[in-house]
Amino acid sequence: MSKDQHEAAFGARAADYALSQVHVSDDSLEMIKGLLGAASSPSQWAIDLGTGAGFNAFNMAGLDYRTVATDLAGPMLRETQRIGDERGLTNLALCQNSAESLPFANGSLDIVGSRMAAHHFGDYQAVITEAHRVLKVGGALLIADSVAPEDSSVRDWMEEIELRRDYSHIENRKASAIQELVAERGLDMVDRVHTSIHLKFNGWVARTAIPKAEAESLRRDFLNAPAAVKEAFEIEEVDDDIHFAWPCLVFRAVKA
Ligand SMILES: C[S@@+](CC[C@H](N)C(=O)[O-])C[C@H]1O[C@@H](n2cnc3c(N)ncnc32)[C@H](O)[C@@H]1O
């Protein structure tokens, strides 16, 4: 996807992401906060990749890191600025760049973070390589994102559904594949927590504004999913909605 296509896809959704309950607050934000801990000095730097409306960056700024919220889409950064101002954050800056190419010097940052964005990154390996480059020795990469189950048939169902619902979706990777990649790039995964991202079907399809017929077809596929899929994703019909949960991995990997 070109930068212009990216802006068009994500720009149109910026206001929705700012209001989306699962983005504003969920377990992963609290887990990240626990793994990050407060900055040990006021000169520690953190960046957030694919910041969207900024909620992970606000986490970092709230822990007293000098924080740079980064995203490829300008409209997303404008939402981050607006909400950051409303929250009175003075240690938050913005930068428009791709996660695969970071405009920061080698060994200059204490934390590189990202939440609910890595499944959109076109080149995950490049992102990890860049994170390793910009981190100081002892600095940490901290990512929370949806992951695919290890069972390949359940994974295939998830990926097919994700791609029909969101054409900016790239891949939910298996936790085992992420762990390998991070280790190959010289980062030591010292913390790893599994949690879930709880979603409600109606709001989830509304966020990507897919045609009504596709949304109805997806609804049928959720309700008629194989038992193993329903169990893996906790699929449950509730009133006129469907509740489900994507597996989520939160990890902290340190540069040796
Ligand atoms: C779901 S939103 C992020 C949610 C946000 N991090 C949060 O915690 O609420 C995904 C964001 O990733 C951004 N994005 C996708 N691919 C990107 C890339 N390769 N580089 C930088 N940003 C990217 C999109 O523009 C979008 O703002």
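Remember, it's 1-based here, ligands and their atoms both numbered in the order they're listed. The chain is numbered in sequence order, starting from 1.
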Between the side chains of Arg219 and Glu214, is the shortest nitrogen-to-carboxylate-oxygen separation below 4.0 Å, so that they form an ion pair?
no
With under 30° as parallel and over 60° as perpendicular, where do the rings of Trp157 and Trp246 fit, or are they tilted in between?
perpendicular
So among Arg133, His132, Lys136, which one has a side-chain hydrogen bond (donor to acceptor under 3.5 Å, both in side chains) with Asn106?
Arg133
Parallel, tilted or perpendicular: which describes the rings of Phe58 and Phe55, with under 30° parallel and over 60° perpendicular?
perpendicular
Glu184 atom CD: more than 12 heavy-atom contacts under 6.0 Å
yes
I need the contact residues for ligand 1: any residue with a non-hydrogen atom closer than 4.0 Å to the ligand, ordered by chain then number.
His6, Phe10, Tyr17, His23, Gly50, Thr51, Gly52, Phe55, Asp71, Leu72, Ala73, Met76, Asn97, Ser98, Ala99, Glu100, Arg115, Met116, Ala117, His120, Phe121
Glu234 atom CD: more than 12 heavy-atom contacts under 6.0 Å
yes
